[in-house]
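Report on the following structure.
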Amino acid sequence: MATGNHSIVTEFILLGLPAQPHIQALLFVLFLGVYLLTFTGNLLMILVIRTDSQLHAPMYFFLSHLSFLDLCLTSVIVPKMMDNLLSQRKSISVEGCLTQVFFIFSTAGIEAFLLSVMAYDRYAAICHPLLYGQMMTRQLCGGLVWASWGLGFLDALINTLMAWNLDFCESRVMPHFSCELPSLFSLSCSDVSANFAVLLGSTLLHALGTFLLVFFSYTRIVSTILSISSTTGRSKAFSTCSSHLTTVILFYGSGSLRYLIPTLSSPMELVFSIQYSVVTPLVNPFVYSLKNKEVKAALNRMLKKVCNFK
């Protein structure tokens, strides 16, 4: 029996992505390339949006925060994953593990709130174009963003503080490449029923609540688009929200499955985690830049300025 908080186990072993040593070296190169592309793509999106006056609109304000969150999420996970791929002893301290849990949970949670806010923004732009400026004021946009950050951090703090009181006694091998709450529960010798209930409840409220906001926004959006008589008008209206809809499908699809099925123990668990924590942050900036004429034009203007400066 444990005599105190984490009194027996002081570190966990992250098995990560099981493979032969030469395969792990190739995976290191792969994830290094993914991380550099993710970092560059999202940082470029932030710089373009912040420096180009023509992108100082609510949608791009939210997009800059989304890019920053993607930078944080991938930076919390991928560097440690790459370190373990080249290490003989793939360990992480209990305190380091719980710190990673907090930042993964909070950044993913904030992103869920932010995606629902972006859905409301698209609803206002398509369904009420004449009132858009009055509906999406600078004060409202700022308040929605900070509310997303506050609620995300609060949700993560509650779940992490409860996990901090767990005792870990014998098993310390985690069949995962990062520390996430569902993986911690199976290693604890404490009663995790309360932790599981809080995690399930907060995930349902958090994921399902934000998803319903997205769903109702897009229900109205689709209804409005279908009522447009012009094919060109319908295509133009849909193009303004297609990038966001792609991001929503990628993020909610994999992230919700990972946390709504916390007892899942199969390779699919790793697939879902890689999808929302590694692939989605990589894809987001390219989805928004390649499918958005205004962003592409802003990128061209920035590149021209850089070339002229040289």
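Here the structure is a predicted model, which is why all the values come from computation and not from measurement. As a basis for the values below, the full set of heavy atoms in this structure was taken, side chains included, without hydrogen atoms, waters or symmetry mates.
Rounded to the nearest 0.5 Å, atoms CG (Leu85) and CD1 (Ile23) are 11.5 Å apart. Within the model, atoms CG of Leu208 and CG of Leu213 stand 10.0 Å from one another, a figure rounded to the nearest 0.5 Å. Note that the CZ atom of Phe102 and the OG atom of Ser106 stand 4.5 Å from one another [nearest 0.5 Å]. Expressed to the nearest 0.5 Å, how far OG of Ser148 lies from CD of Glu111 amounts to 11.0 Å. One finds the CG atom of Asn159 at 4.0 Å from the OG atom of Ser202 (value rounded to the nearest 0.5 Å). Atom-to-atom distance recorded for His56:NE2 and Thr51:OG1 is 7.0 Å, nearest 0.5 angstrom.
The two atoms that bring Ile13 and Ser91 nearest to each other are CD1-CB, 3.9 Å, heavy atoms only. Residues Val101 and Cys179 share a closest heavy-atom pair of CG2-O, 3.5 Å. Annotation for Met162 and Val198: closest pair SD-CG2, 3.5 Å, computed over non-hydrogen atoms. In terms of heavy atoms, Leu14 sits closest to Phe177 at CD1-O, 4.0 Å. The minimum heavy-atom distance between Val192 and Phe185, with the atom names listed, is CG1-O, 4.0 Å. Scanning all heavy atoms of the two residues, the minimum distance from Phe28 to Met82 falls at CD1-O, 3.4 Å.
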Derivation of the side chain to side chain contact (heavy atoms under 4.5 Å, CB included) call for Gln24 and Leu86
CA-CA 7 Å; Gln24 290 190 340; Leu86 296 183; over 6 Å; no

Report the C-alpha distance between Val48 and Tyr60 in whole Å, list the side-chain angles of each, state the deciding distance to 0.1 Å, and finish with yes or no for side chain to side chain contact (heavy atoms under 4.5 Å, CB included).
CA-CA 10 Å; Val48 169; Tyr60 300 110; over 6 Å; no

For Met81 and Leu27, what are the C-alpha separation, side-chain angles and deciding distance, and is it a side chain to side chain contact (heavy atoms under 4.5 Å, CB included)?
CA-CA 10 Å; Met81 182 198 303; Leu27 288 174; over 6 Å; no

Leu47 vs Leu43, side chain to side chain contact (heavy atoms under 4.5 Å, CB included): CA-CA, chis, key distance, verdict:
CA-CA 6 Å; Leu47 291 175; Leu43 184 60; 4.3 Å; yes

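Side-chain atoms of Phe103 and Thr99, non-hydrogen and from C-beta on, do get closer than 4.5 Å to each other. In this structure the side chain of Thr210 never reaches within 4.5 angstrom of the side chain of Val214, judged on heavy atoms. Residues Leu282 and Val278 fail the side-chain proximity criterion, which asks for heavy atoms closer than 4.5 Å. Proximity of Tyr132 to Asp121: side-chain heavy atoms (C-beta onward) are separated by under 4.5 Å at one or more points. Counting heavy atoms from C-beta on, the side chains of Asn195 and Leu199 never come closer than 4.5 Å. Taking 4.5 Å as the limit, every side-chain heavy atom of Ser217 sits out of range of all side-chain heavy atoms of Arg122. A heavy-atom distance below 4.5 Å is found between the side chains of Gln100 and Ser178.
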Can you list, pair by pair, the side-chain donor-acceptor contacts under 3.5 Å of residues 68-79, counting residues two or more places apart and other chains?
{"residue": "Asp70", "atom": "OD2", "partner": "Asn284", "partner atom": "ND2", "Å": "2.8"}
{"residue": "Ser75", "atom": "OG", "partner": "Tyr35", "partner atom": "OH", "Å": "3.0"}
{"residue": "Ser75", "atom": "OG", "partner": "Leu71", "partner atom": "O", "Å": "2.7"}

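In terms of modelled atom types and a separation under 3.5 Å, the side chain of Ser223 and the main chain of Thr219 share no donor-acceptor contact. Remark: the backbone N or O of Thr38 is paired with a side-chain donor or acceptor of Asn42 at under 3.5 angstrom. Under the 3.5 Å distance criterion, the side-chain polar atoms of His244 are matched with a main-chain donor or acceptor of Leu115. With Thr107 contributing its side chain and Ile104 its backbone, the two residues share a donor-acceptor pair below 3.5 Å.
By the side-chain contact (heavy atoms from CB on, under 4.5 Å) test, Val283 is found to be paired with Leu250, Val279, Val287, residues two or more places apart in sequence or in another chain being considered.
Residues Val94 and Trp164 fall within the same hydrophobic cluster, defined by Ile, Leu, Val, Met, Phe, Trp and Tyr side chains chained together at heavy-atom separations under 4.5 Å. There is no path of hydrophobic side-chain contacts, each under 4.5 Å, that joins Leu157 to Leu151. No continuous path of hydrophobic side-chain contacts links Leu212 to Phe113 [ILVMFWY only; heavy atoms under 4.5 Å]. Tyr123 and Leu226 fall into different hydrophobic clusters, where Ile, Leu, Val, Met, Phe, Trp and Tyr side chains are chained together by heavy-atom contacts under 4.5 Å. By the criterion of side-chain heavy atoms lying less than 4.5 angstrom apart, applied directly or through intervening Ile, Leu, Val, Met, Phe, Trp or Tyr residues, Phe211 is grouped together with Val117 in one hydrophobic cluster.
By the 30° and 60° cut-offs, the orientation of the rings of Phe61 relative to His65 is perpendicular.
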